[in-house]
Amino acid sequence: MPLPAKFFCAPMAELSTPSFRETVRGFGGEVVLYSEMLAAGAIVARSRHNEPLIEKRDTDMPFAYQIVGADEAVMAEAARMLEERGCWAVDINMGCSAPDIVKTGAGSRLLSDPERARRIVRACRTAVKLKLSVKMRSGWDSSDPARLVEFARMLESEGVDHICLHPRHGKLGFRRKADWGLVALLKKSLRIPVIGNGDITSPEEALKKLAETGCDAVMMGREAVKSPWIFMLCSELASGSEDEHIIPVRDVFIEVLGRLRNSLPAHLHKSRGHRFAFYYSKNAYFGHKLFTSIRKEQEIDGMIDRVREYYEAHPEESVLRVGGGEKHNGIH
Ligand SMILES: Cc1cc2nc3c(=O)[nH]c(=O)nc-3n(C[C@H](O)[C@H](O)[C@H](O)COP(=O)(O)O)c2cc1C
């Protein structure tokens, strides 16, 4: 079965909130959305703290819930519970390299333990009737192409419907460039769809990666937080239209922060507001200065005040011209 879109918005902890997803969907374009990674144990325990992160809206679809964990029974039960809420796919995290995740055997650590990974996938496959996918890095502490292919073929043989590859090994974090040659290799080696991910910063690059690697879709993360309209531009470029758009960057900033305030409990406001502002401030010429002022704020209202202040001082930056076939993305 083909994927529902050529473009995917990456799952990102503290960023892929329902509020942010609403903004991405609002700009349009063909795009699959993800939740941020959700701890399987907390889902199964029905932790109240998890509720706002699990929230799913009609506009989210096509949408994937991503789960993280190392115990197959817990992962399978979490997958089943999330499927019940309605989604397009349940995705298993085999890419996160945060110390508190890998020390439990989860995330990218699973790439060094194929038997445990197999048990998790097998249990989830039995539990989930909808699409089941894996988002992975190219290895735990090295990117050996033969081991990568062997691991991915194991996932395929266990019934995974598609795989997203971020081609850096787990120890690299974001260092060095993503090795898209590995995406091409995986595409050649598997029958199921492959999604490539890593370092894409423009619609032109997204289409180039699709063409060069033959992969079925491309996923964008950090750039999508800075430019939630990128999927609209990708889709337009793919269909040959090159409309120019005026993006109200200031208003979008305020809108996302306001939605975070209105839809998340207060104890999540600071982390979510700061995380979004870190990436989105890069649209401003003096983005570092803007982010530094926002970071001092504990409440969303204070963050919004700093945004208003910045654009009052730099009104010419309030809108951004994008698209139109010329390379003027980012020029005000
Ligand atoms: C702040 C942040 C949080 C992330 N959280 C997750 C996550 O929850 N699950 C996951 O699979 N990947 C996560 N990632 C990795 C991204 O999904 C993606 O693979 C990575 O950013 C590379 O894509 P990019 O170069 O387009 O950003 C995260 C990345 C960032 C920057």
Side-chain angles (χ1 to χ4, degrees), residues 7-18 20-21 24 31-40 42-43 50 53-54 63-69 75 78 82 89-102 106-111 117 120 133-139 143 160 162-180 182-183 186 194-206 208-210 213 215 217-228 230-231 234 268 271-282 291:
F7 308 106
F8 281 51
C9 186
M12 286 173 284
E14 302 192 329
L15 286 167
S16 303
T17 53
F20 173 68
R21 299 196 304 259
V24 172
V31 55
V32 172
L33 301 174
Y34 280 67
S35 71
E36 57 184 273
M37 67 176 173
L38 301 162
I43 294 166
N50 241 8
L53 307 178
I54 297 181
F63 171 71
Y65 276 117
Q66 188 188 64
I67 52 174
V68 65
M75 287 289 274
L82 292 175
V90 175
D91 185 77
I92 301 174
N93 182 313
M94 295 196 193
C96 181
S97 52
D100 53 335
I101 298 289
V102 296
S108 62
R109 185 80 231 193
L110 287 170
L111 303 173
I120 289 175
S133 58
V134 169
K135 179 167 177 287
M136 61 187 289
R137 284 180 176 252
S138 45
S143 297
V160 163
H162 53 273
I163 290 176
C164 174
L165 178 65
H166 174 201
R168 283 184 173 99
H169 65 72
K171 297 274 170 161
L172 279 179
F174 286 101
R175 293 191 307 282
R176 298 196 208 147
K177 274 165 62 177
D179 180 359
W180 279 80
L182 295 173
V183 174
L186 216 55
V194 171
I195 301 147
N197 164 237
D199 301 345
I200 294 177
T201 57
S202 71
E204 290 78 10
E205 232 181 301
K208 194 161 165 252
K209 293 286 192 262
L210 278 169
T213 64
C215 68
V218 287
M219 176 184 276
M220 285 157 265
R222 290 164 295 170
E223 185 61 32
V225 188
K226 177 180 169 236
S227 316
I230 194 164
F231 303 103
C234 287
L268 297 177
S271 61
R272 269 47 181 186
H274 286 180
R275 191 60 79 109
F276 173 71
F278 173 76
Y279 291 95
Y280 195 82
S281 293
K282 295 180 198 289
F291 175 63

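Counting begins at 1 with the first residue of the sequence. For ligands, and for the atoms within them, numbers begin at 1 and follow the listed sequence. This one's a predicted model, so the numbers in the text were calculated from it and none came from an experiment.
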Less than 4.5 Å apart, side chain to side chain, heavy atoms only: is that true for Phe231 and Met220?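 They are in contact (side-chain heavy atoms under 4.5 Å apart), so the answer is yes.
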
Between Lys135 and Ile92, is there a side-chain heavy-atom distance shorter than 4.5 Å?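 They are not in contact (no side-chain heavy atoms under 4.5 Å apart), so the answer is no.
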
Between the side chains of Arg168 and Asp199, is the shortest nitrogen-to-carboxylate-oxygen separation below 4.0 Å, so that they form an ion pair?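 Salt bridge flag = yes for Arg168 with Asp199.
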
Sub-3.5 Å donor-acceptor pair from the side chain of Ser16 to the main-chain atoms of Ala10, do we have one?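 Checking the backbone N and O of Ala10 against the side chain of Ser16, a donor-acceptor pair under 3.5 Å is found.
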
Main chain of Leu15, side chain of Arg275: is a donor-acceptor contact present, judged purely on distance under 3.5 Å?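 Here the side-chain-to-backbone pair does not exist.
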
Got a sec, which residues hit side chain to side chain donor-acceptor pair (under 3.5 Å) with Asn93, two or more places apart in sequence or on another chain?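 Scan of Asn93 (side chain to side chain donor-acceptor pair (under 3.5 Å), adjacent residues dropped) gives Gln66.
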
Which parts of the protein, at residue level, reach under 4.0 Å of ligand 1 through a heavy atom?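 Only Ala10, Pro11, Met12, Ala13, Leu15, Met37, Gln66, Asn93, Lys135, His166, Phe174, Asn197, Gly198, Asp199, Met220, Gly221, Arg222, Arg275, Tyr279 have heavy atoms that fall under 4.0 Å of ligand 1, ordered by chain and number.
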
